[in-house]
Undergrad: 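Before we start, here is the structure in question, set down as structure tokens.
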Protein chains: 2
Amino acid sequence: MKKTKLIYEGKAKKLHETEDPDLLVVEFKDDMASLDGRKKGVIKNKGIVNSKISTYIFNFLDSYHIPSHFEKSLSDREILVKRLEMVPIEVIVRNIATGSLCDKYGCKEGDSLQYPIIEFYLKNDKLNDPMMNEYHAAAFGLATPEEMRTIVRFATKVNAILKSFFIRRKVRLVDFKLEFGRFKGQLYLGDEISPDTCRFWDLETGEQLDKDRFRKDMGRVEEAYQEMLRRVLNL
Amino acid sequence: MKKTKLIYEGKAKKLHETEDPDLLVVEFKDDMASLDGRKKGVIKNKGIVNSKISTYIFNFLDSYHIPSHFEKSLSDREILVKRLEMVPIEVIVRNIATGSLCDKYGCKEGDSLQYPIIEFYLKNDKLNDPMMNEYHAAAFGLATPEEMRTIVRFATKVNAILKSFFIRRKVRLVDFKLEFGRFKGQLYLGDEISPDTCRFWDLETGEQLDKDRFRKDMGRVEEAYQEMLRRVLNL
């Protein structure tokens, strides 16, 4: 499938149109940004790691009947995906209290949550991605109540599937972000699933194996990403 | 019913124990505060207005089978209520976009919402009452999923009932706050329903007839509260 036109370039990914109007090419970059883009860096081969991990996970989820935009891998850092009409909502699923959750609600860092927490954030840089809920989604015309119920069902199922998957890889799935979009009247999981969008802690040592190493200047970011790739692929 | 012990004094209300461990006396004060208590004032007879409006509304809601803590009126500014174990969540119901909703989501001031918005805030001054949802409620042990569903059902019903009630009084119910609590294993509506906890706009002129007059230094606060009392009582 030939790339025809670059239609989006973000912090970590480029999107290209193809000859098929229903399909896009996602190109994973090595660039890394945090603090709304105020902190920047390059992590060698991050794009390759994220492309391969996302490919593996989307295929794995497909085997559990979770529909995603993923079609096939094209190269080390490119995947072919369905062209979704994105729902402008970030869905966060949390199993362990850390990060902004603890700042905001005063819960103890590292505590296992009695029940998983699902949060919704409006994707809007200018408004600083405010937290929202299913009633805002309906009132502002972002997603129907039925779509929000589907999103919650998928998010809950993805969490259950991936929690066990990562335990087998000796990794705790602390929290992660999902995005969804519409394609021919149906909802699909979009975006990526990678150390950029998940928090992974080593099951035994608690070592952080994700983007937090970059956010917190902990060093050995590249090594952590490579380690996560090895674990996902079971090498 | 004799008051025995003052157990709580807030910005706008005092709570007293009585000889019956299941019952409290709520005393409505004339004191007014906003901006987390940084702005203070006294509105003459506000306590009387809020006591009488709450009494009327709780009775009215009771006729629609919405259970509340209200037992009976004791004096101009005192009501007898069930002693609830409060759920530490503020429930906001919005019909028209205004105030913090517009700041946060960039919607247009004064727009009617296509569907009512229900929002939940953790009652915690130290954490600045962060927005939350039913998953936080379950994970932090604040309320069970079933209780949250009951709260949504009550809030939706109260909104439908009061929207029509106030239209007949030539008032738009813009938004309002509810609080709930447990009593002998059941959920009850608690707190108050008054111009302190609702936004009321005159149906024809759009004039604000609520606490926003105090928040925004618009003047004629006492007159607005008296006008709302007249309208509620249909005088």
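Lettering of chains follows the sequences in order, A, B, ..., and the numbering in each one begins at 1.
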Undergrad: Count the heavy-atom pairs under 4.5 Å between each of B:Ala137, B:Ala139, B:Gly141 and chain A, then report the option with the highest count.
TA: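 Among B:Ala137, B:Ala139, B:Gly141, the one with the most close pairs to chain A is B:Ala139.
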Undergrad: Tell me, side chain or backbone of B:Ile118 under 4.5 Å from chain A's heavy atoms, or both, or neither?
TA: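 Both parts, backbone and side chain.
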Undergrad: Please look at A:Leu122 and chain B and tell me whether the side chain, the backbone, both or neither of the residue comes under 4.5 angstrom of a heavy atom of that chain.
TA: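 For A:Leu122, the side chain is the part near chain B, not the backbone.
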Undergrad: Does any heavy atom of chain B fall under 4.5 Å from the side chain of A:Pro116, the backbone, both, or neither of them?
TA: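 When you check distances to chain B, only backbone atoms of A:Pro116 fall under 4.5 Å.
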Undergrad: If the cut-off is 3.5 angstrom, what donor-acceptor pairs do you find between chain A and chain B?
TA:
from	atom 1	to	atom 2	distance (Å)
A:Tyr105	OH	B:Met131	O	2.3
A:Ile118	O	B:Asn133	ND2	2.8
A:Glu119	OE2	B:His136	NE2	2.6
A:Met131	O	B:Tyr105	OH	2.4
A:Asn133	ND2	B:Ile118	O	2.8
A:His136	NE2	B:Glu119	OE2	2.6

Undergrad: At a heavy-atom separation under 4.5 Å, does A:Val93 approach chain B through its side chain, its backbone, both, or neither?
TA: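 Answer is neither: A:Val93 stays 4.5 Å or more from chain B.
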